[in-house]
Amino acid sequence: MQLAVAHANVSIGGEVIIDYLDGSAAPAIDADLCIIGAGAAGIAIARHFIGTSITVCLIEGGGATGEEQSQALYEGLSIGTLPFDAGTSRMRVFGGSCNLWGGGCIPFGRHDLVARDWVPHSGWPIGYDELKPYYERAREYCQIDAHDFADGSFLAPLAHDPIAFDADKLINQVFARSPILFGKAYREQLDKAPNITVLLHANLLELCASANADTISHARIGTIDGRTGMVRAERYVLACGGIENARMLLLSNALMPTGLGNRHDLVGRYFMDHPCGSMGAIVTAAPERLTRPYDRNLGKGLAPAFPEIGLSQAFQKAQRILNGRVHPFAVEGPVPQGIRSLRDLRAALRPTEQDENALLEARLCAALRNAPATDDDMRERNANIAMLALRVGLGSPDIARAALQKLRRRPTVRSNRVELIGYFEQAPNPDSRITLAHERDPLGLPKVCADWRITALDRHTYRMAASVFGAELARVSGGSYQPAAWLSDDDNATAQVHTTAHHLGTTRMADDPRQGVVDRQCRVHGIDNLHIAGSSVFPTGGWAFPTFTVVALALRLADRLSAQIRTAALSEAI
């Protein structure tokens with residue numbers, strides 16, 4: 001087990017890493033394990049092998065930081081009933097799309113993993129008890145190990161007590177916020193590990209299989225400037241994300257015209273997300289009663305924890321609906337001129353010079369915004385500093401009143417309206433899918449085509465959830481609920497929901513190859529040495545932020561791969 005590679009050096013943060021764009025890098029690389037994709041899952045698996053005799057090649061199509069040239073490889077088409085932009089809902093960079101994440105971590109609950117008779121195609125082949133020890137290890141990787149957890153929630157101290165609801169309807173589930181970006185946190189460890197080779201700008205072009213397509217022989221890689229090479233390994237892991245995992249299998253079609261692992265036409269199907277949208281608003285004289293307990297700016301410690309308002313299992317079962325949560329956002333009333341001028345001045349004084357990575361991240365974050373737009377978001381800033389300073393002086397009474405309100409821990413701008421943004425589990429639907437488009441990307445590969453759809457069960461869930469969220473939050477705040485107009489009983493009305501960039505289900509897990517692409521060990525059915533890591537293996541998605549479970553499954557897979565590689569090495573030695 002030995003990796004032979006000529007290192008082409010590029011300086012990153014004072015360390016050295018291989019950039020495949022450098023023509024001096026070896027075109028062919030041998031390793032025990034090849035991991036394609038350096039996001040949360042790929043880095044977790046590679047890190048597991050640091051200090052072992054097992055050689056690992058970790059391949060990343062992007063660079064150390066975001067680049068528009070690499071990001072363009074993620075662009076695709078959308079033909080579904082819901083709009084979907086593949087080019088802005090993920091990031092092609094070392095560290096993956098978690099370079100943009102908010103750090104939210106929460107375990108799935110038992111209820112999320114079992115089959116529900118009202119949810120077609122539901123049920124995981126593994127249960128909560130099997131995931132639990134890997135959740136425990138995922139805490140360390142995500143650097144939130146100060147918090148214990150239980151079935152579907154962390155057990156952590158909160159800045160404010162959440163609202164006590166009727167437990168048969170709504171519950172409070174607590175998530176912890178990871179303080180790290182995986183690419184930054186673990187890049188130095190990977191770079192210094194003698195048995196780990198990290199390739200940047202090395203894009204997977206195709207997984208090449210043996211004659212009977214039951215084993216991967218090598219991964220063909222290439223750069224955007226036309227250089228090609230290969231990685232040969234004993235075992236391979238696709239860890240490219242919920243969309244790209246499916247795309248890579250579909251375009252690896254030299255031997256199997258429909259793509260690898262696709263004997264039963266399942267690759268790319270069951271594409272899910274966590275659709276989100278406005279459920280309407282609560283009008284109340286006490287908006288802080290709803291917003292303060294769930295304010296994510298009020299956490300304590302390095303890895304703070306926050307509650308979210310979710311649907312109880314009893315309510316889901318009684319109403320035969322999917323899982324979901326709601327977050328209350330205060331909607332400011334008219335902003336006094338003094339406060340507006342102070343905000344404009346602060347914005348004008350912020351540094352405006354940004355590099356390509358910062359600009360790309362800002363563009364993607366704007367496209368993925370899930371909170372209500374504010375008045376400040378809609379305004380054009382006046383960059384005349386002197387004029388803004390004068391306006392701030394003239395508005396000093398407004399600013400003084402706002403400061404007093406802040407000392408009293410009250411909103412600085414009056415509000416009587418709280419917008420409810422719902423986030424939902426999506427029903428598994430074989431007609432919601434990822435396919436290949438006729439258009440090609442700069443590497444000459446077919447672009448992705450997203451056909452994102454929701455079902456009658458999804459619509460039923462939105463209506464029933466909005467009703468209970470609205471009624472309960474109005475009750476506890478002494479207010480009234482104004483439902484969003486799109487939540488009418490008209491099934492032909494367009495659902496006003498959009499992506500949260502949680503791409504799930506396209507290589508789903510099942511014991512039966514006629515029901516899933518990978519087995520319970522995340523091995524692709526029918527291919528001995530190919531595994532898949534990431535949320536594409538989720539049969540259902542609950543409402544939970546997926547990263548914590550992605551990491552837990554990746555660590556579980558790393559254990560299995562380690563055992564397989566060592567067993568094979570011992571067999572060869574005998």
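These numbers were taken from a predicted model, which means no experiment stands behind them.
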| message | Is it the case that the ring center of Y141 lies less than 6.0 angstrom away from the ring center of H48? | response |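 Ring-ring flag for H48/Y141: false, centres at least 6.0 Å apart.
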Are any side-chain N or O atoms of [X] and backbone N or O atoms of [Y], one a donor and one an acceptor, separated by less than 3.5 Å?
X: S467; Y: R463; answer: no
X: H111; Y: G542; answer: no
X: E60; Y: V198; answer: no
X: S535; Y: L504; answer: no
X: D458; Y: A427; answer: yes

Show me the donor-acceptor pairs, under 3.5 Å and distance only, between side chains in residues 549-558 and residues at least two apart or in other chains.
from: T549; atom 1: OG1; to: Y135; atom 2: OH; distance (Å): 2.7
from: R556; atom 1: NE; to: E130; atom 2: OE2; distance (Å): 3.3
from: R556; atom 1: NH1; to: R520; atom 2: O; distance (Å): 2.8
from: R556; atom 1: NH2; to: E130; atom 2: OE2; distance (Å): 2.8
from: R556; atom 1: NH2; to: R520; atom 2: O; distance (Å): 2.9

| message | Take a 6.0 Å sphere around CG of D117 and say whether it holds more than 12 heavy atoms from other residues, nucleotides or ligands. | response |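 Yes.
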Any idea how [X] and [Y] line up, ring-wise: parallel (<30°), tilted (30 to 60°), or perpendicular (>60°)?
X: F545; Y: F175; result: perpendicular
X: Y462; Y: W486; result: perpendicular
X: H147; Y: F154; result: perpendicular
X: F182; Y: Y186; result: parallel

| query | Would R92 count as a cation-pi partner of Y74, with NZ or CZ less than 6.0 Å from the six-membered ring centre and within 45° of the ring normal? | reply |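 Flagged: R92 positioned over aromatic ring of Y74.
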| message | Can you confirm whether D129 sits close enough to R110 that some side-chain heavy atom of one is under 4.5 Å from a side-chain heavy atom of the other? | response |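 SC-SC contact between D129 and R110 confirmed.
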| message | Less than 4.5 Å apart, side chain to side chain, heavy atoms only: is that true for N416 and T284? | response |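 No, every pair of side-chain atoms sits at 4.5 Å or beyond.
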| said: Taking R475 first and then E472, would you say they form a salt bridge - that is, a charged N and a carboxylate O separated by under 4.0 Å? | reply: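 A salt bridge is present here (some side-chain N lies under 4.0 Å from a carboxylate O).
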| query | Are R116 and E425 within salt-bridge range, i.e. N to O under 4.0 Å? | reply |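 A salt bridge is present here (some side-chain N lies under 4.0 Å from a carboxylate O).
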| said: side chain to side chain contact (heavy atoms under 4.5 Å, CB included) for L368 and T500? Distances and angles first, verdict last. | reply: CA-CA 7 Å; L368 294 174; T500 54; over 6 Å; no
